Amino acid sequence: MQHWAKTEPGTIDDLLLDAREAGHPDVTERLINTWTAKGLLDHPRPRPAQRGSHKAEHPASQRRLLLVLLEQRRRDPQPKLHTLAQVPLWLWLRCDDWVPTRQAHKALPPGSVAAAAASRSSSTVPSPL
């Protein structure tokens with residue numbers, strides 16, 4: 001199966017397997033959790049369990065996004081998080097179903113919204129009079 005052809009949701013174990021199959025053996029659960037906390041990946045959805053518990057699942061789009069992020073990281077072995085954050089932000093703008101708004105908001109660099117608002121309010125606008 002091609003790596004980009006993931007069409008089913010998957011647990012964190014599936015994401016780790018996807019990464020290894022795509023040639024990224026160094027990916028760990030900790031990396032996925034860190035990227036989730038930073039908004040590079042969305043939080044998985046919990047699955048209801050009849051008895052016991054099931055691991056939460058990431059949508060297929062997030063499985064593919066992980067592979068895109070890993071390819072970007074392969075090109076730049078020491079990428080900054082804000083560089084990687086451009087990937088989900090671009091997908092949020094262009095591809096409606098890949099990245100939810102809550103994830104895009106989390107991926108924005110800290111202070112970017114406040115900085116943009118401040119620069120807009122402090123810019124001088126010529127008076128029409």
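Not measured: the values here are computed from a predicted model.
- Residues forming a salt bridge (Lys or Arg N to Asp or Glu O under 4.0 Å) with Arg20 (at least two apart in sequence, or on another chain): none.
- Residue Gln103 holds its CD atom at 14.5 Å from NZ of Lys38, rounded to the nearest 0.5 Å.
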Legend entry - Criterion side-chain contact (heavy atoms from CB on, under 4.5 Å) on Asp42 and Val99, from CA distance to verdict: CA-CA 8 Å; Asp42 194 22; Val99 175; over 6 Å; no
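- Shortest non-hydrogen contact noted between Ala104 and Leu89 is O-CD2, 3.3 Å.
- To the nearest 0.5 Å, atom CG of residue Asp13 and atom CD1 of residue Ile32 are 9.0 Å apart.
- The shortest heavy-atom contact between Pro88 and Gly39 is CG-O, 4.0 Å.
- Shortest non-hydrogen contact noted between Leu65 and Leu91 is CD1-CD1, 3.5 Å.
- Here the closest non-hydrogen pair linking Ala107 and Ala85 is O-CB, 3.3 Å.
- Between the CH2 atom of Trp35 and the CG atom of Leu81 there is a distance of 8.5 Å, given to the nearest 0.5 Å.
- Distance alone, capped at 3.5 Å, is enough to place a donor-acceptor pair between the Arg63 side chain and the Glu8 backbone.
- Contact check for Leu41 versus Leu69: side-chain heavy atoms found under the 4.5 Å cut-off.
- Side-chain atoms of Asp14 come within 3.5 Å of backbone N or O of Thr11 as a donor-acceptor pair.
- Between atom NE2 of residue His24 and atom CG of residue Leu31 there is a gap of 11.0 Å, rounded to the nearest 0.5 Å.
- Distance alone, capped at 3.5 Å, is enough to place a donor-acceptor pair between the Gln62 side chain and the Trp98 backbone.
- Under the 4.5 Å side-chain contact rule for hydrophobic residues, Leu15 and Leu17 do not share a cluster.
- Annotation for His43 and Thr36: closest pair ND1-CG2, 3.4 Å, computed over non-hydrogen atoms.
- Distance check: Gln72 CD to Thr83 OG1 gives 8.0 Å after rounding to the nearest 0.5 Å.
- Put simply, the side chain of Arg73 reaches to within 4.5 Å of the side chain of Pro79, judged on heavy atoms.
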Legend entry - Stepwise salt bridge (Lys or Arg N to Asp or Glu O under 4.0 Å) check, Arg74 with Asp26: CA-CA 11 Å; Arg74 180 180 281 167; Asp26 59 329; over 6 Å; no
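- Once rounded to the nearest 0.5 Å, the distance linking CG of Leu40 with CG of Leu66 reads 10.0 Å.
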